[in-house]
Amino acid sequence: MDTPLTTIAVVGLGTMGTGIAEVLARAGREVVGIDISEAAARQAVASLEASTARSVARERITEQERRDILARFRTFSDLQAAADAELVIEVVPETYEIKQQVFRELDAVVSPTAILATGTNALSVTRLAAESQRPERVLGLHFFNPAPAMKLVEVVSSVLTAPPAVESVTRLARELGKEPVAVGDRPGFVADGLLFGYLNQAAAMYEANYASREDIDAAMKLGCGLPMGPLALLDLIGIDTARTVLEAMYAASHDRLHAPAPVLGQLSEAGLTGRKAGRGFYTYDAPGGQTVVPDALTPAESAGAVTGRTVSSVGVAGSGTMASGIAEVFAKAGYAVVLAARSQEKADTAKARIAKSLGRSVAKGRLTEEARDETLARITPAGSLDSFADVDLAVEAVAEDLEVKRQLFQTLDKVCKPGAVLATTTSSLPVVAVARVTSRPEDVIGMHFFNPAPAMKLVEVVRTVLTADDVHATVREVCVKVRKHPVDCGDRAGFIVNALLFPYLNNAIKMVEEHYATLDDIDAAMKLGGGYPMGPFELLDVVGLDVSLAIEKVLHGEFRDPGLAPAPLLEHLVAAGCLGRKTGRGFREYARR
C-alpha cells in the first residue's frame, strides 16, 4: 500500500477537479484527467494553460516549466485511463449513485494497491467504501475551493481504511504544499461541519427578516474579521450545494441547527443557486459573475429620511477597557466627552489608559502629537454621573449585569437633560429591559461596540419596539461621524454577530468532547479552510470562557433550541477557573506574565 504516488487520476473536471489537477501537475505528478464531457476536459486544459501563462508573466515559473506542467496533464473520457494510477481522486457530482458507480467501475480498472479517494464534503466515506471490493484502500481527500490557493486538505478515514493509505495521502498533501488534517467520517468533516451550521443560521436570520442581507454580511466581516459575509459565501458555494451538505449533516446529527433553512430550499427550487445562476441571496451581473448589482432588495437612499437629534457632547459611563475605548473613539472624532466612573480616581485611570493608547498611535505614526493632545483635551474625567447633565448622548459601558445596568439607567433618567439619547453597549442583555426602568424608553437604544473599540469598525444598532425613529437616526448618524459601520438589528439575544458566532464556537467544543478532532486540527481547519483570522479555540481563550458561557446561556435561554445548550466541557472549564488567557489556562495553557 505504501507506494509512491506519482501518477494520479482525477475523475470529474469541474472547477474543483480542474483545480486539484493543477495542484498535482505543478507539483510534478503525472495527472490523468477524466470526464465524460469533452467540453469539460477542454475547459480544464484551457484553465491550466491560462493559469500557467499568468505564472510565467509574473515570473513565478519559466516557460520551460510551464511546458512541463502542461505535458504532465492528459485528459480522457473513459475511466480505463486510470489503470496505471496509484491514486484516483473522484470529484464527480455529490450523489451516492454517481459516486458509487464510479467506484464500482474503478474496482475493475485500477491495480489492487491503488488508493481510491473521494472528494465529497457531505456524503459518508464509509458508505462509499463499503461498495468497493477493497474498502481498506478507500478514504476521503477533501480539498477546498480554489484548490491551488487553499492550504487545507482534510484526510478522512473510515473505520475500514488501512493506516498505510492514510499515511500515503497525508505525505502527498504535504508534498503538494498543503496542510493535511486527519478527521473521521461524518458529514461536513471539520471545516464544513462548523461552517455550514453557521451559514444555515445566517440564512434563517435573513429569512426571519431580523436583519438585511447587507447588514448580516457586513456584521460578520467587520465584527469577526471574516473574508466574506455568510450570505455572499452561500452564493459563492452554491445554495443547492449548501442545502445538500446540510441535509446530510441533519440526517446524521438530527440537530435542528443543521436542518436546512426553508429559504435555501426555496431558492434552490427556483434555480436561484447563487453566483453560478446569476442570482441567489444577491443578484449578479451575469451567471458566473462576481459583481453584485442592485435589485429590488438593495437598500435605497431615502430622500425623506428621519433627521436625527443634534449631538455635540457625549457621556461615557464606565472605567474599563470598553468604556475608555469608546471615549477615545468619540474624542478622536471631535466630540466633547465626559468619562464618568464610580470614583474620580477610576475616571483618571481610564483617561490615563486612553493617553497610553494615543501614545502608541503616535509612536506608530498614525497620529500626530498635536492630534493626541487635542483628543485628550476633549475628555473630562468625572467621578459621578451627575456630570452627564448637559450631554446629548450618554453611552454606558459597565458590567454585563442586568441589575447593574438598570440602576445606572435609572440614574441617567434623572440626570440627563430631556431629549438626550441613552445608549447601552450590552452584547447579550435585552435593551428594552433597561429602557423600561426610565421614564423615556423612546430615547433608549442599543449601541454595541466591539473590542477594541478604536480598531473595530462595527457597531450594532439595536432598536427596541419603543425606540423613537429620530433616536435611531441619531445613532446611525453618530456612527458614521466616528467612522464606524452601523448595522441595524432587533432587540433579541446575541443581535447579529454573537447569535451567529457563539453557536459555531459551541459546536467546535462539542467536536472536541466527542474526540472527533483535536484543538489544533480544528483551529487549523477553520483558519486554512474557512479564512477565519483565529481558530475557534484561540478565540474562545481570548474572549474568555466565562464570557462565552454567559452568552451561550443567554442564547439558549431565549431561543430554547437544544442545539444551543452550552457544551458541558465549557461549563467544566469555567467551574475549574480555567477562563482563558486572562487566567493563564483555558483550552490551552499560557505563560504567566
Side-chain angles (χ1 to χ4, degrees), residues 183-184 186-205 210 216 219-220 223-226 230 245-246 249-250 252-261 400 427-429 450 492-527 529-530 532-576 578-581 586-588:
V183 298
R186 77 180 198 183
F189 312 130
V190 171
D192 285 353
L194 293 176
L195 177 65
F196 278 88
Y198 149 70
L199 296 178
N200 191 42
Q201 289 176 280
M205 180 180 281
Y210 175 68
I216 291 171
M220 297 313 292
C224 296
L226 300 180
V245 174
L246 285 163
M249 290 173 63
Y250 181 68
S253 70
H254 301 294
D255 186 336
R256 278 165 44 196
L257 298 179
H258 298 151
E400 193 74 345
S427 63
S428 59
L429 302 175
F450 287 74
R492 75 179 198 188
F495 310 136
I496 296 175
V497 174
N498 286 349
L500 295 178
L501 174 64
F502 281 89
Y504 147 77
L505 297 174
N506 201 42
N507 285 335
I509 300 169
K510 291 176 182 177
M511 278 190 175
V512 170
E513 281 183 335
E514 295 163 6
H515 305 288
Y516 177 67
T518 66
L519 301 177
D520 291 342
D521 280 350
I522 293 172
D523 276 354
M526 297 316 297
K527 288 191 290 185
Y532 282 66
M534 299 178 78
F537 297 101
E538 291 176 289
L539 182 56
L540 281 159
D541 279 353
V542 168
V543 170
L545 274 56
D546 52 340
V547 174
S548 302
L549 178 59
I551 293 173
E552 289 288 354
K553 285 181 175 178
V554 169
L555 292 173
H556 184 231
E558 175 144 335
F559 297 108
R560 306 299 175 90
D561 191 317
L564 294 175
L569 177 57
L570 179 61
E571 294 185 301
H572 295 161
L573 286 169
V574 172
C578 302
L579 308 183
R581 285 185 177 270
F587 283 97
R588 294 184 174 90

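Hydrogens, waters and symmetry mates are skipped; everything else that's a heavy atom, side chains included, is used.
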- Item | Worked check of side chain to side chain contact (heavy atoms under 4.5 Å, CB included) between Val543 and Phe502 | CA-CA 11 Å; Val543 170; Phe502 281 89; 4.2 Å; yes
- Message: Run the side chain to side chain contact (heavy atoms under 4.5 Å, CB included) test on Glu571 and Glu552 for me, step by step, so that the C-alpha distance in whole Å, both residues' side-chain angles and the decisive distance to 0.1 Å come before the verdict.
- Response: CA-CA 10 Å; Glu571 294 185 301; Glu552 289 288 354; over 6 Å; no
- Message: Let's go through Leu545 and His572 carefully: what are the C-alpha distance in whole Å and the side-chain angles of both, what is the deciding distance for side chain to side chain contact (heavy atoms under 4.5 Å, CB included) to 0.1 Å, and is it a yes or a no?
- Response: CA-CA 10 Å; Leu545 274 56; His572 295 161; over 6 Å; no
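What you find for Ala567 and Ile509 is that their closest heavy atoms are CB-CG2, 3.5 Å.
For Cys224, the side-chain contact (heavy atoms from CB on, under 4.5 Å) partners at least two apart in sequence or on another chain are Met220, Leu226, Val497, Leu501. Not a single ring-ring contact (aromatic ring centres under 6.0 Å, His included) links Tyr516 to another residue, sequence neighbours left out.
Residue Asn498 is tested with Leu505, Leu555, Ile551, Val554 for a side-chain contact (heavy atoms from CB on, under 4.5 Å); the sole match is Ile551.
Within the 3.5 Å criterion, the main-chain N or O of Ser427 finds a donor-acceptor partner in the side chain of Glu400. Checking side-chain atoms of Asn200 against main-chain N and O of Ala261 turns up a donor-acceptor pair under 3.5 Å. A distance-only check finds no donor-acceptor pair linking the side chain of Asp546 to the backbone of Val574 [under 3.5 Å].
Separation of atoms CZ (Phe537) and CG (Asp521) is listed at 11.0 Å; rounding is to 0.5 Å.
Screening residues 497-510 for salt bridge (Lys or Arg N to Asp or Glu O under 4.0 Å), with sequence neighbours left out, gives no hits.
Looking only at side-chain heavy atoms (C-beta outward), Phe559 and Arg492 come within less than 4.5 Å of each other.
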